[in-house]
Structure formats: structure tokens, C-alpha cells
K.L.:
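Take a look at the following structure, please.
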2 protein chains.
Amino acid sequence: MLSVPRLDMQVRIFGALADPIRIKIIMLLSGGDRCVCEILPAFERSQSTISKHLSILYNAGLLDRRIEGNRTIYSIKNRKVVELLETADSIALEHLSSLVETGGD
Amino acid sequence: MLSVPRLDMQVRIFGALADPIRIKIIMLLSGGDRCVCEILPAFERSQSTISKHLSILYNAGLLDRRIEGNRTIYSIKNRKVVELLETADSIALEHLSSLVETGGD
DNA sequence: GCTGTATATAAGATTATCGGAATATGGCGA
DNA sequence: TCGCCATATTCCGATAATCTTATATACAGC
């Protein structure tokens with residue numbers, strides 16, 4: 001049986017990934033650590049918006065961060081998150097092709 | 001590069017899993033197909049609420065459904081969704097134990 | 001200490017999600 | 001056909017997520 005805090009953490013993890021900006025941030029960081037100032041220009045959103053997205057990923061236990069001087073460097077905390085993206089992408093791909101076959105929606 | 005519809009589908013998949021009831025429905029169905037009338041009593045929620053949760057999972061491409069008489073039978077469409085739950089659970093577990101170690105929150 | 005740069009947080013408006021009650025749809029048996 | 005059962009959908013209120021602007025914090029260099 002799944003304990004309640006674990007279920008809650010699962011929900012938080014999936015919720016953290018249920019946003020296109022946050023998925024792209026994970027993909028970006030899977031290529032190596034980045035400070036916020038390097039992440040910002042990849043998105044046409046305010047600094048505060050990106051900062052909050054990073055916090056959501058951090059609080060879900062998906063990212064690590066360390067401070068170096070006046071910068072904050074974010075990194076992938078658990079490589080399994082990349083697995084999650086890959087698995088979801090393959091489900092997405094299969095689903096999209098089944099929609100094409102059946103002409104569904 | 002990830003195509004836009006695929007990213008959108010990933011978002012929809014993760015969004016579908018970002019709810020404790022929907023996670024429990026997946027776990028329930030991983031034990032075998034069930035009609036709605038068998039799923040309902042597992043949750044203290046109205047019929048319309050559960051029906052909506054099932055639709056969300058169905059539209060995310062995670063569940064299949066077939067009609068038999070006046071019943072609708074739901075089933076896991078893609079076994080990879082169970083993988084997603086397991087991977088997220090192991091991330092959750094690691095994160096929770098790291099919180100215990102550091103006394104974090 | 002002051003100024004500028006980097007980042008996080010708060011406040012507030014807008015939009016999406018969740019839940020239940022009520023309603024619609026469609027098969028089934030009398 | 002009529003009424004019942006199983007399920008989906010609509011409507012609407014309550015709650016939560018997202019975004020921007022403005023403000024706070026904290027380090028760096030002078």
C-alpha cells in the first residue's frame with residue numbers, strides 16, 4: 001500500500017511536470033547545470049515567472065540548486081525525471097499515432 | 001526537437017496524473033479491467049466526479065474503454081503509464097528520505 | 001556604505017481545475 | 001413503449017494555478 005505522503009509527492013511531481021515551460025526547463029538542464037540568468041533567455045516570460053517555475057520543480061524534488069556568488073545554479077537532482085519525460089513522450093507518440101489511424105480527437 | 005503537439009500531449013499526460021484520485025484509478029485498473037460501477041465504490045465521490053476523472057485519463061491516452069451492454073469498461077491502454085507511476089514513486093521515496101536526512105521541508 | 005546585478009517573494013488580476021447537483025443519453029427488461 | 005439502470009455531460013460555485021508588476025534580499029565591486 002502506498003503511504004499518503006508518497007502519494008502526495010507523486011501528485012506534486014506530476015503536477016510539476018504538467019506545464020510546457022517546466023518540461024522545457026528539465027530538458028534544458030538535462031544538458032548540464034545552468035544559472036537562472038542562462039535559463040531566462042530561453043523563455044519569453046518575466047524573471048519572476050521563471051523563478052517560480054524553478055521553485056516548483058525544486059520543491060517537487062526534481063531539481064537541485066546551489067548558490068555561487070550572486071548566482072543560483074540549478075541542476076537535475078534525480079536523473080529519473082528524464083526517464084519520466086521520455087516515457088511520457090513515447091506514450092504521447094503512440095497516442096498521437098493511434099488518433100491519426102482512427103481519425104479520433 | 002520535440003514537436004508542439006507532442007509537448008502538449010506530455011503536458012496532458014502529466015496533468016492527468018497530477019491528482020490522487022486519478023493515480024488511484026490507474027492503480028486499481030492495473031489489477032484488471034473494471035466497469036465504472038466497480039470503480040465508483042472505491043472513492044467517496046459523486047458519480048459525475050469519477051466519470052470526469054475517467055474522461056481525463058481517457059483523453060490523455062492512458063485508458064481505453066469499451067461498452068458492454070449498458071456498462072462502460074475501462075482498462076489501461078498503455079502499460080507504460082504504470083512505469084510512470086513507479087518511477088515517480090521512486091523519486092518521491094528518494095526525495096522524502098533526503099528531506100528526513102536534512103530536516104528539510 | 002552605495003550601486004548594480006541576480007534572484008526570490010508578495011500582491012493582485014485572470015484563468016483553469018475540481019466538485020456536486022441536475023440533466024441528457026442509451027441500453028435493458030417488463 | 002415505459003421505467004430503470006449505468007454513464008456522460010452541463011452548469012456553476014469554490015479553490016488553486018499562472019502571470020505580471022512591484023518589492024525585498026543578498027552578493028559584488030568601487
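Chain letters run A, B, ... following the sequence lines, proteins first, then strands; residues in each count from 1. Since we're looking at a predicted model, the values are computed, not measured.
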K.L.:
Let me know the distance between CD of Glu68(A) and P of dA28(D), rounded to the nearest Å.
P.N.:
11 Å
K.L.:
With a 4.0 Å cut-off on heavy atoms, is Thr72(A) in touch with a base, just the backbone sugar-phosphate, or nothing at all?
P.N.:
sugar-phosphate
K.L.:
To the nearest Å, how far apart are Asn59(B) CG and dA8(D) C1'?
P.N.:
12 Å
K.L.:
To the nearest Å, how far apart are Phe14(B) CZ and dA17(D) P?
P.N.:
18 Å
K.L.:
Please determine whether a side-chain nitrogen or oxygen atom of Thr49(B) lies at a distance below 4.0 Å from atom OP1 or OP2 of dG20(C).
P.N.:
yes
K.L.:
As a test of understanding, state which of Val36(A), Leu57(A), Asp64(A) forms a side-chain contact (heavy atoms from CB on, under 4.5 Å) with Tyr74(A).
P.N.:
Val36(A)
K.L.:
What integer distance in Å separates Ile39(A):CD1 from dA6(C):C1'?
P.N.:
12 Å
K.L.:
Picking from dT9(C), dT7(D), dT20(D), which would you name as closest to the side chain of Ser55(A)?
P.N.:
dT9(C)
K.L.:
Rounded to the nearest Å, what distance is computed from the CD1 atom of residue Ile50(A) to the P atom of nucleotide dT9(C)?
P.N.:
15 Å
K.L.:
Classify the nucleic acid contact of Phe43(B) as base, sugar-phosphate or nothing, counting any heavy atom under 4.0 Å across all strands shown.
P.N.:
nothing
K.L.:
Any non-hydrogen side-chain atom of Asp89(B) less than 4.5 Å from a side-chain atom of Ile13(A)?
P.N.:
no
K.L.:
Under 4.0 Å, heavy atoms only, any strand: does Tyr74(A) hit a base, just the sugar-phosphate, or nothing?
P.N.:
sugar-phosphate
K.L.:
Do Ile56(A) and Val11(A) share a hydrophobic cluster (ILVMFWY, side-chain heavy atoms under 4.5 Å, transitive)?
P.N.:
no
K.L.:
For a quick test of reading the model: is some side-chain N or O of Arg71(B) closer than 4.0 Å to OP1 or OP2 of dC5(D)?
P.N.:
no
K.L.:
Think Arg65(B) has a side-chain N or O under 4.0 angstrom from the OP1 or OP2 of dA8(D)?
P.N.:
yes
K.L.:
Would you call Lys52(A) and Ser46(A) a side-chain contact if the rule is heavy atoms closer than 4.5 Å?
P.N.:
no
K.L.:
I'd like to know if Ile76(A) and Leu62(A) are part of one continuous hydrophobic network [Ile/Leu/Val/Met/Phe/Trp/Tyr, side-chain heavy atoms within less than 4.5 Å].
P.N.:
yes
K.L.:
Please give, in whole Å, the distance from dA16(C) P to Asp19(A) CG?
P.N.:
13 Å
K.L.:
Checking contacts here: which listed nucleotide (dT7(C), dG19(C), dT20(D)) is nearest the side-chain heavy atoms of Cys35(A)?
P.N.:
dT7(C)
K.L.:
On the nucleotide dT17(C), are OP1 or OP2 found under 4.0 Å from the side-chain N or O atoms that His53(B) carries?
P.N.:
no
K.L.:
What is the distance from CG of Asn70(A) to P of dA28(D), rounded to the nearest Å?
P.N.:
6 Å
K.L.:
Donor-acceptor pair, Arg65(A) side chain versus Thr72(A) backbone, under 3.5 Å?
P.N.:
no
K.L.:
Does any N or O donor sit under 3.5 Å from an N or O acceptor when you compare the side chain of Gln47(B) with the base of dA6(D)?
P.N.:
no
K.L.:
What nucleic acid atoms does Ile73(B) come within less than 4.0 Å of, heavy atoms only: base, sugar-phosphate, or nothing?
P.N.:
nothing
K.L.:
What's the CD1-P distance between Ile67(A) and dT25(D), to the nearest Å?
P.N.:
15 Å
K.L.:
Is it the case that the base of dT7(C) and the side chain of Lys52(A) share a donor-acceptor contact (distance under 3.5 Å, atom types as modelled)?
P.N.:
no
K.L.:
Select from Gly15(A) and Ser48(A) the residue whose nearest nucleotide in DNA chain D is closer to the 5' end of that strand.
P.N.:
Gly15(A)
